S.K.: 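Below is a structure I'd like to ask you about.
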Amino acid sequence: MNQAPVSLSLATKERILRYSVAVFCTVFATILRMELEPWIGDRVPFGTYLLSVLMTAFIAGTGPAIASLIMGIIAAGIYIIPTSDTAITRSVGDLIALGIYGVVGAATIWLFHSMSRQNADRLRQIARIEVLTAELKVAGRQKDEFMAILSHELRNPLAPLRNGIQLLKMNPETPDEQQNLLCTMTRQMDQLVAIVDDLLDVSRFVHGKMRLVCSPVDLRELVDHSLCQAKCLLEERKHHVQVLLPAKPVIVNGDRNRLTQIVTNLLTNAAKYTPREGRIQVILDQRDQSAILRVVDNGIGISEEMQPRIFELFTRSDSASKRDSGGLGLGLPIARQFALMHDGQLTVSSEGRDHGTQFELRLPSLQAKSVKPFNPESDSQSGFVLPPASAPIGNSPASSQDSTSVENTDDNEPMRVLIVDDNVDASETLASLLSFSDFDTQVCHSGVDALALAKVYHPDVILLDIGMPGMDGYQLARTLRQDPANRDLVLVAVTGWGDDKDQQKSMAAGINHHLVKPVDIDRLHDILNDIPVGAS
Ligand code: ADP
């Protein structure tokens, strides 16, 4: 009769293997001890067996080591200790040797046992940390995705709101009171947009995804642009602003948008944290190889212990929180990171509470030949033109055209702009805004309609949303580019998706510019005004 083969489990096989180590080591110790007999006689009968216990504990663990200890006693009794000897002293000596062997062997085993237990604990902890790290990474990715979607979702409703406010502001018949109201709404809107942008920036920094696009920049121009951005708030709080710029250009190699972000943050902070009708100075200077920009106010100040902390995320000083000036404590940490990325520094000093604050931005400067000279008199956009004397903002001679009054100047043939966005409110308000500046506009709400309309309307430029149902913006751009007739057509993405990789995807699809909603109308005008009419 055939017997079924006995199959051993893996654990049993492993146990057999481990105990075989004990047997092997004991046999080895016995042979070694016998070989040493001519030199050491019957002294230290258990010496080689201690070695066996040690090796077994090291290789096979606690159980086999105990087995090896016992087998050592038996083997020594049989092979090493002469049983026929009658001398009593000798057997007492053997007993003592046995005792020592037992104690040292047991101590060795205990030592190895606790070491291997600690080791197992450590491995368990490492495994747990690895699991937690993986979980954290997944959570981080999910948070990033959530932030990107959240900002997209927030930007979508913000776009028509900002367009609508802009439209009302541009209407010459809007009475002064309503203009003031619109200014307030613009400020609140800008605050919301800034919060969304700040949150995204923090996420980019945390994940090392922040990139700079550097070119030579005249800081005088940049200060003027930042003043323009902070103008509404400075005016509303009736601050006296003094701007001191040198006659020569102060050139740095930097990311224009990010440097503007730093300076605008310093200016809006000065405006927020200075009681109404305060004094704010903006001083630009160049010394040795450094460009130095100082924003000084006579506002609520910052206590000495708070000064290093205000560059930490989500930190707000007590006095700032009490005055409830709004803000999440993100602006300065972001500004400092940008300064560091430009090999610069952003520092603060204050004499303490209610003694004003000074922020200093230092950047490495370049030789002043690589940019077109900026003329503070004629090029200023902020209206803060720039005598050394302090003057209330409202009285500053406004030398620039108003940012909302840029117009399509060609009387004969207005530029044709096709707007494609499934968000009806966003597209309609943007069209109205552009019509106001005499652009010829058409609107449609899907990629397929855009393709059909482009054939008959022959637009000079298409402003296209990216996230549309059916054919998305990228697909639309690729399809348009396949037609040689659209070679010179300018495509501008106007989208809630503003990450680096979204911009790269746009470029890859043949889109010329990538703007993030709610679109900055001045920037859009700049782009449109650079396009020759009838080019496509
Ligand atoms: P927030 O959005 O809160 O203004 P910031 O990071 O820009 O965030 O500023 C962090 C904190 O630094 C502010 O909450 C305020 O306590 C303090 N702070 C910044 N600028 C000034 C200033 N010019 N005067 C007094 N305190 C300031």
Side-chain angles (χ1 to χ4, degrees), residues 151 154 187-206 210 223 226-227 229-243 257-284 292-341 344-362 390 393:
S151 63
L154 286 173
R187 244 187 354 263
Q188 299 301 325
M189 171 77 54
D190 289 347
Q191 208 167 322
L192 266 179
V193 174
I195 288 173
V196 173
D197 288 344
D198 280 356
L199 285 171
L200 273 175
D201 279 350
V202 170
S203 170
R204 283 190 196 119
F205 276 125
V206 168
M210 185 57 82
V223 166
S226 305
L227 281 163
Q229 301 215 339
K231 187 173 175 178
C232 244
L233 184 63
L234 291 164
E235 281 182 349
E236 193 248 345
R237 296 183 63 81
K238 296 197 164 42
H239 291 308
H240 299 264
V241 181
Q242 186 183 30
V243 186
N257 292 335
R258 297 319 193 170
L259 291 177
T260 307
Q261 194 173 335
I262 300 179
V263 181
T264 308
N265 181 256
L266 298 182
L267 287 169
T268 47
N269 275 352
K272 276 191 323 193
Y273 301 115
T274 302
R276 298 174 83 79
E277 300 191 34
R279 267 182 294 109
I280 295 171
Q281 278 189 316
V282 184
I283 307 159
L284 178 63
I292 304 163
L293 177 76
R294 293 194 190 88
V295 177
V296 189
D297 63 58
N298 66 342
I300 64 172
I302 304 173
S303 66
E304 205 173 327
E305 59 279 16
M306 269 316 283
Q307 286 174 30
R309 291 197 43 218
I310 56 165
F311 295 104
E312 291 167 13
L313 279 176
F314 305 112
T315 304
R316 308 192 64 220
S317 72
D318 284 350
S319 38
S321 311
K322 274 187 202 125
R323 282 166 215 235
D324 198 27
S325 341
L328 293 176
L330 297 176
L332 285 178
I334 291 173
R336 174 169 268 187
Q337 282 302 322
F338 280 136
L340 292 175
M341 284 179 84
Q345 285 172 2
L346 178 63
T347 51
V348 63
S349 56
S350 169
E351 297 288 307
R353 287 259 182 105
D354 295 323
H355 284 85
T357 308
Q358 168 174 309
F359 281 93
E360 184 179 285
L361 173 67
R362 254 174 205 266
S390 155
I393 298 166

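All ligand and atom numbering here is 1-based and tracks the order in the structure. Please read all numbers here as calculations on a predicted model, not as lab measurements.
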S.K.: For Asn265, take its heavy atoms, then give the atoms of ligand 1 lying under 4.0 Å from any of them.
M.R.: 7 (O)
S.K.: In ligand 1, which numbered atoms sit nearer than 4.0 Å to a non-hydrogen atom of Ile300?
M.R.: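 The list of qualifying atoms is 25 (C).
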S.K.: Could you tell me whether the side chain of Asp297 reaches within less than 4.5 Å of the side chain of Tyr273, counting heavy atoms only?
M.R.: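 No; the side chains remain at least 4.5 Å from each other.
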S.K.: May I ask you to check if Arg258 and Phe338 form a cation-pi contact, with NZ or CZ under 6.0 angstrom from the six-membered ring centre and within 45° of the axis?
M.R.: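 No, a cation-pi geometry is absent between Arg258 and Phe338.
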S.K.: Which one holds for Thr315 and ligand 1: side chain close, backbone close, both close, or neither close, with close meaning a heavy atom under 4.0 Å?
M.R.: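 For Thr315, only backbone atoms sit under 4.0 Å from ligand 1.
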S.K.: Please tell me if the side chains of Phe314 and Leu330 come closer than 4.5 Å, counting only heavy atoms from C-beta onward.
M.R.: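 SC-SC contact between Phe314 and Leu330 confirmed.
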S.K.: Looking at ligand 1, is there an atom of it that comes within less than 4.0 Å of some heavy atom belonging to Lys272?
M.R.: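 Right, Lys272 reaches ligand 1.
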S.K.: Is there side-chain contact between Lys272 and Leu233, with heavy atoms separated by less than 4.5 Å?
M.R.: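 Yes, side chains in contact.
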S.K.: Considering only heavy atoms from C-beta outward, does the side chain of Leu266 approach that of Leu332 to under 4.5 Å?
M.R.: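 Contact flag for Leu266/Leu332 side chains = yes.
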S.K.: Considering only heavy atoms, which of Ile195, Leu332, Ile280, Asp297 lies nearest to atom 9 (O) of ligand 1?
M.R.: Leu332
S.K.: Heavy atoms only, cut-off 4.0 Å: how does Leu330 contact ligand 1, side chain, backbone, both, or neither?
M.R.: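 Under 4.0 Å from ligand 1, Leu330 contributes backbone atoms alone.
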S.K.: Is Ile310 in polar range of ligand 1, meaning some N or O pair under 3.5 Å apart?
M.R.: no
S.K.: Using a strict 4.0 Å cut-off to heavy atoms of Pro333, name the atoms of ligand 1 that fall inside it.
M.R.: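 Here the atoms of ligand 1 in question are 6 (O).
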S.K.: Between Arg294 and Gln358 (side chain of the first, backbone of the second, donor and acceptor by atom type, cut-off under 3.5 Å), is there such a pair?
M.R.: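 No, Arg294 side chain to Gln358 backbone: no donor-acceptor pair under 3.5 Å.
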S.K.: Of the choices Gly299, Gly329, Gly301, Gly278, which has the non-hydrogen atom that lies closest to atom 8 (O) of ligand 1?
M.R.: Gly329
S.K.: Would you say that Met341 contacts Met210 through its side chain, given a criterion of any heavy-atom pair below 4.5 Å between the two side chains?
M.R.: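 Result yes, sub-4.5 Å side-chain heavy-atom pair found.
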S.K.: With a 4.0 Å cut-off on heavy atoms, is Phe359 touching ligand 1?
M.R.: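 Phe359: in contact with ligand 1 (<4.0 Å).
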